[in-house]
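In what follows, a structure is listed as structure tokens, so that the remarks can point back to it.
Quick caveat: nothing in here was measured; it's all calculated off a predicted structure. In what follows, chains are A, B, ... by sequence order, proteins preceding strands, each numbered from 1.
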There are 2 protein chains.
Amino acid sequence: MKTEAIEDYLKNIYLSGRSGTKVSLTLLAKKLEVKPASVSGMIKRLEGMNLVKNSKKTGIILTDAGEKIALEVIRHHRLIESFLVEALGVPWNEVHEQAEKWEHMLSEKIEDRIDQMLGYPTHDPHGDPIPKRDGSVPETSDTPLNTLKAGDVGKIERINDQNPEILEYIGKLGLYPQTRFRILEVGPLNDLISLEVGDEKVQIGLEVARRIFVTVG
Amino acid sequence: MKTEAIEDYLKNIYLSGRSGTKVSLTLLAKKLEVKPASVSGMIKRLEGMNLVKNSKKTGIILTDAGEKIALEVIRHHRLIESFLVEALGVPWNEVHEQAEKWEHMLSEKIEDRIDQMLGYPTHDPHGDPIPKRDGSVPETSDTPLNTLKAGDVGKIERINDQNPEILEYIGKLGLYPQTRFRILEVGPLNDLISLEVGDEKVQIGLEVARRIFVTVG
DNA sequence: AGACCATATTAGCTTTGCCTAAATACTGGA
DNA sequence: TCCAGTATTTAGGCAAAGCTAATATGGTCT
Ligand SMILES: [Mn+2]
Ligand SMILES: [Mn+2]
Ligand SMILES: [Mn+2]
Ligand SMILES: [Mn+2]
């Protein structure tokens, strides 16, 4: 009825759609590491279950029922990531893979207990919002670090990447969510940003800056 | 190659065989809640993979390769149970169900980290031995509580049941692993045992006593 | 318009893991 | 020995989830 594959499809449709992008079969196929033909079939099935709609103008979009499931899986994922970091001290770049598996089989009881034990967290270790039981989703920043200018002060909110190497790199620079910073200098081609974090001076390139979302002020 | 179903089969063959009982298709079908015809097919497949052997005299037995996998899954299961009890405070009667799911997808890294965080535990919350990485299995008691006589003193080692209600019942009586006790009285038909646990007096029936394994002395 | 490239769909096939129903094999007692 | 009941196997099917190969659609550029 609600298989692991279905959950993964819905989750990826939700996450791909977030950024305003139209979700196509091929895009989804890439995300799910599966052939477009397979996606075509599955989307048809999901339409039959009233979990998604598909049209060339809108692309693939979730119905309310579909979004509900997507949010539940994402909630599981992010609670598990938080739990592994908090309770087990797993580095933030190693939790994604495990959460990816466990998210599909988290009992309601354990889910609640994790939530409670962590003090009903609103964001996971990467700063991504943890959807609530009722389906509401806490706020997130959509301002990438590379749009700021010299002199700006702000706080890191979220790192938009799950690649372990990249996360490790960013972590080594001390750029975790909730970290305050000041922009010291921006290169003329916008490809290098110098910032002050605590007492440290840190340089990052454009590609990394793109993945770091912040609030200014 | 090594699916969830395969792991469940091997695990159940191992656990059913432990008690010296010959493992038949029908027994296994009962444990796995699956029809005998399905088991017949799967056992054939497992034989082809050299994970089990089957003959009418021996019943179904694991090969070395099969046992290796079985022990690995059991190790996962029991580490996860321990982790949930220790790190999350989940009651001992609620951890089995969750471990049953997660056991099939525990990464080596997280496995090691749990092991270390718990101080390399040898037994799970129910007193069952946690197989080590190298495939060795810590000692367990095979003496059921109902074989003792009045005056005997001992320690509870293991509760051989995963039914949440029964575990809750036993827990309420305070009969956890590592608990010391003294037998006060045994009914003439062996169907009721009175024991002293701490300062408390506790009565248990035969069926419960059968499931509690102890060391004497 | 025509050619080309990307995208989407369809048909047909494979594996896994289960099912039912029917056929066999085995075993213990009368 | 024979027979009933139990255990096992076989045959035939089904649903999920993927794959390849072939076809259709659709826009963009010349
Ligand atoms: Mn997943
Ligand atoms: Mn995350
Ligand atoms: Mn299992
Ligand atoms: Mn246990």
Side-chain angles (χ1 to χ4, degrees), chain A residues 1-14 16-17 19-62 65-66 69-70 73 100-101 103-105, chain B residues 1-14 16-17 19-62 65-66 69-70 73 100-101 103-105:
Chain A
M1 193 74 293
K2 201 186 64 175
T3 66
E4 239 171 273
I6 290 177
E7 291 187 344
D8 275 338
Y9 272 83
L10 297 175
K11 182 182 71 168
N12 278 285
I13 292 166
Y14 179 90
S16 304
S19 36
T21 15
K22 219 176 70 176
V23 181
S24 67
L25 289 176
T26 30
L27 172 66
L28 205 45
K30 234 160 273 166
K31 298 260 177 190
L32 290 162
E33 299 183 271
V34 134
K35 300 295 159 191
S38 308
V39 178
S40 182
M42 178 62 106
I43 290 300
K44 203 132 297 173
R45 224 178 108 209
L46 294 177
E47 277 183 300
M49 300 187 206
N50 269 305
L51 296 174
V52 310
K53 287 197 195 311
N54 190 8
S55 76
K56 71 198 82 157
K57 53 208 66 172
T58 63
I60 303 164
I61 53 174
L62 297 173
I69 296 175
V73 177
E100 199 63 29
K101 304 297 187 68
E103 66 189 4
H104 305 292
M105 13 194 73
Chain B
M1 191 75 296
K2 201 186 65 175
T3 67
E4 239 172 275
I6 290 177
E7 290 187 346
D8 274 339
Y9 272 83
L10 296 175
K11 181 182 74 168
N12 278 283
I13 292 165
Y14 179 90
S16 305
S19 35
T21 16
K22 221 175 68 177
V23 182
S24 67
L25 290 175
T26 30
L27 172 67
L28 206 46
K30 232 161 273 165
K31 298 260 178 188
L32 291 162
E33 301 183 86
V34 134
K35 300 296 160 189
S38 308
V39 178
S40 181
M42 179 61 105
I43 290 300
K44 204 132 297 175
R45 221 178 110 209
L46 295 177
E47 276 183 300
M49 300 188 203
N50 268 306
L51 296 174
V52 310
K53 285 195 195 316
N54 189 8
S55 76
K56 72 198 82 151
K57 53 208 67 170
T58 63
I60 303 163
I61 53 174
L62 297 173
I69 296 174
V73 177
E100 199 63 29
K101 304 295 187 67
E103 67 189 6
H104 303 294
M105 13 194 73

Decide yes or no on side-chain hydrogen bond (donor to acceptor under 3.5 Å, both in side chains) for B/His104 and B/Glu4, but give the supporting numbers first.
CA-CA 6 Å; B/His104 303 294; B/Glu4 239 172 275; 4.5 Å; no
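Among B/Ile69, B/Ile43, B/Leu62, the single residue meeting the side-chain contact (heavy atoms from CB on, under 4.5 Å) criterion with B/Leu51 is B/Ile69.
The distance from atom CD1 of A/Ile43 to atom C1' of C/dA8 is 12 Å, rounded to the nearest whole Å. Remark: C1' of D/dA16 and CG of A/Asp8 are 14 Å apart, rounded to the nearest angstrom. Atom NZ of A/Lys56 is separated from atom P of D/dA24 by 17 Å (rounded to the nearest Å). Residue A/Leu46 contributes atom CG, which lies 16 Å from atom P of C/dA8 at whole-angstrom precision. Straight-line distance from the NZ atom of B/Lys44 to the C1' atom of D/dT9: 6 Å, rounded to whole Å. The NZ-C1' distance, from A/Lys22 to C/dA8, rounds to 12 Å in whole Å. As a whole-Å value, the separation of A/Leu10 CG from D/dA17 P is 11 Å. Whole-Å rounding puts the A/Asn54 CG to C/dT7 P distance at 15 Å.
A donor-acceptor contact shorter than 3.5 Å links the side chain of A/Lys22 to the backbone of A/Lys56.
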Watson-Crick or G-U pairs under 3.5 Å in DNA chain D, rendered as dot-bracket with [ ] for crossing pairs and | for another strand
||||||||||||||||||||||||||||||
Which atom pairs link the protein and nucleotides 12-18 of chain C when you take only N or O atoms and keep those under 3.5 Å?
from, atom 1, to, atom 2, distance (Å)
C/dG17, OP1, B/Thr3, OG1, 2.3
C/dG17, OP2, B/Thr3, OG1, 3.4
C/dG17, OP2, B/Arg45, NH1, 2.4
C/dG17, OP2, B/Arg45, NH2, 2.7

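Put simply, B/Thr26 has no side-chain N or O that comes within less than 4.0 Å of OP1 or OP2 on D/dT6.
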